[in-house]
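A quick write-up on the structure given underneath.
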Amino acid sequence: MAFVSAGALPIRDNVDHASRHGVRYIAEPGGSIRSAEVHDACRERQIALARTGL
């Protein structure tokens, strides 16, 4: 089963929390000063990250 989260996730804690709830895909706007941190957290937790640019 795949769970999806769509929303602004400007901090790593949100990715960690989403992972505990089975989220496997995240769409986020990007452009935050913490976007690299979010990207790294997704990679570590094997969560697919899509940057929408919106």
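Note that the numbering runs from 1 along the sequence shown for the chain.
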Would you be so kind as to tabulate the donor-acceptor pairs closer than 3.5 Å made by side chains of residues 46-54, with sequence neighbours excluded?
from	atom 1	to	atom 2	distance (Å)
Arg51	NE	Glu28	OE2	2.9
Arg51	NH2	Ser35	O	2.8
Thr52	OG1	Leu54	N	3.2

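Arg12 and Asp16 are joined by a salt bridge, as a carboxylate oxygen and a charged side-chain nitrogen come within less than 4.0 angstrom of each other.
His17 is linked by a ring pair (Phe, Tyr, Trp, His ring centres under 6.0 Å) to His21, counting only residues two or more places apart in sequence or in another chain. Asp40 is linked by a side chain to side chain donor-acceptor pair (under 3.5 Å) to Arg43, counting only residues two or more places apart in sequence or in another chain.
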